[in-house]
Amino acid sequence: METEGEQLCEAARNGNVDKVKTLIESGADASYFDSDGLTPLMHAAKLGHTDVIRALLEAGAPWNALSPANQSAGDFAMDSGHQEAIEVLVNAGIQAELILGTIARKTKKTGDSEGDYLEDRVSFSEDKLMDSDSKAVMMAWEKPLMAAHAKAVCSGGGNILNVGFGMGLVDAAIQQYGPATHTIIEAHPEVYERMLRTGWGKKDNVKIIFGRWQDVLSELESYDGIFFDTYGEYYEDLREFHQHLPKLLKPGGIYSFFNGLCGGNAFFHVVYCHLVSLELENLGYSTQLIPLPVKDCLGEEVWQGVRHKYWQLDMYYLPVCQSLQDPE
Ligand SMILES: C[S@@+](CC[C@H](N)C(=O)[O-])C[C@H]1O[C@@H](n2cnc3c(N)ncnc32)[C@H](O)[C@@H]1O
């Protein structure tokens with residue numbers, strides 16, 4: 001005989017919202033996983049049964065449960081192009097993350113938050129900067145993205161701030177725009193030493209500030225362009241940096257950040273792109289997300305020797321943020 005969970009999956013597949021509600025009322029578990037590792041919400045999402053999706057979410061079905069292939073209900077809805085279902089699930093994700101913030105509490109590129117990266121050794125090679133755990137701090141495949149970020153934040157010229165030097169890719173690109181001043185904050189001692197060794201301290205328009213951005217805020221001015229790309233930090237740190245934008249960004253200035261939020265899952269990434277845009281809007285900034293295809297620069301060989309693939313999506317969405325109140 002079918003269990004209640006199996007009956008719920010079947011009703012979800014059939015789009016039978018009355019049956020779904022009856023089963024839930026009689027105690028069926030909305031977070032049930034069937035023998036294929038799929039939840040009722042995933043079944044409903046695959047087929048775009050929006051009423052069922054709403055009923056299941058109201059009954060506490062987890063929006064972020066993953067199938068054995070690491071797909072969430074939202075990924076299934078996106079794969080089959082069910083727009084209304086996608087919107088309902090995105091909204092559920094945003095609401096849940098606003099309150100709980102469970103997904104992106106992990107560090108940006110490492111996938112875990114153990115240990116203090118800033119106290120550990122790093123190693124440099126031509127195509128990557130690695131931490132002591134063989135996780136990539138920065139990789140050369142991001143060079144075209146860094147060039148695009150530099151172009152965005154330098155579009156008004158003037159004084160530019162970059163947070164996080166890494167391999168210096170974005171800073172090399174910023175230099176090409178000849179900014180009046182170019183301030184770089186870097187917190188890792190070995191990265192800082194390498195900056196000095198490679199002549200960054202001798203450039204006329206460059207000011208290097210060694211330390212965590214959180215600790216050197218009092219040394220900062222206000223800037224025409226700001227780029228933010230740290231490592232080993234939480235989404236909360238990015239959020240905290242955003243709280244300082246009204247002081248750091250001049251009227252009419254451009255802000256951008258490395259948008260690696262949930263780079264391992266297409267749907268979670270969509271949710272976080274919405275969430276960060278919403279949070280920036282609440283602070284008075286508009287966010288434009290410019291799609292840049294990255295599939296071609298990301299073959300399997302790129303990840304050889306790297307313990308964690310921090311990016312697995314085909315498209316990168318480059319954020320360009322500006323004050324909503326700035327004059328045209
Ligand atoms: C992903 S890399 C930056 C890559 C850089 N955008 C590029 O184009 O090469 C991150 C850098 O931020 C530095 N970092 C990490 N936490 C920081 C913090 N709290 N303040 C300043 N720099 C930090 C790391 O040491 C690392 O060099």
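For ligands, and for the atoms within them, numbers begin at 1 and follow the listed sequence.
When Trp213, Phe228, Phe258 are ranked by how near their heavy atoms come to atom 20 (N) of ligand 1, first place goes to Trp213. For atom 21 (C) of ligand 1, the nearest non-hydrogen atom from the set Gly168, Gly232, Ala187, Gly260 belongs to Ala187. Considering Tyr231, Phe165, Tyr310, Tyr117 only, the shortest heavy-atom separation from atom 5 (C) of ligand 1 involves Phe165. Which of Glu186, Arg212, His188 comes nearest to atom 13 (C) of ligand 1 through a heavy atom is settled by distance: it is Glu186.
When heavy-atom distances to ligand 1 are checked against a 4.0 Å cut-off, Glu142 has no atom that comes that close, whether in backbone or side chain.
Atoms of ligand 1 lying under 4.0 Å from at least one heavy atom of Met146, given by number and element, are 6 (N), 8 (O). With ligand atoms numbered from 1 in the order given, ligand 1 contributes 6 (N), 7 (C), 8 (O) to contacts under 4.0 Å with heavy atoms of Val170. Numbered from 1 in the order shown, with element, the atoms of ligand 1 that lie under 4.0 Å from a heavy atom of Asp229 read 1 (C), 2 (S), 3 (C), 4 (C), 5 (C), 6 (N), 10 (C), 11 (C), 12 (O).
Side-chain contact check for Leu313 versus Val294: every heavy-atom pair is 4.5 Å or farther apart.
Checked against a 6.0 Å centroid threshold, the rings of Phe210 and Phe165 do not count as neighbours. Phe257 and His242 have their aromatic ring centers within a separation under 6.0 angstrom.
In this structure, Ala172 falls outside the shell of residues with a heavy atom less than 4.0 angstrom from ligand 1.
Going from atom CZ of Phe268 over to atom CG of Asp75 covers 7.0 Å, rounded to the nearest 0.5 Å. Trp213 contributes atom CH2, which lies 9.0 Å from atom CG of Leu248 (distance to the nearest 0.5 angstrom).
Neither side chain, Asp229 nor His149, offers a donor N or O lying under 3.5 Å from an acceptor on the other.
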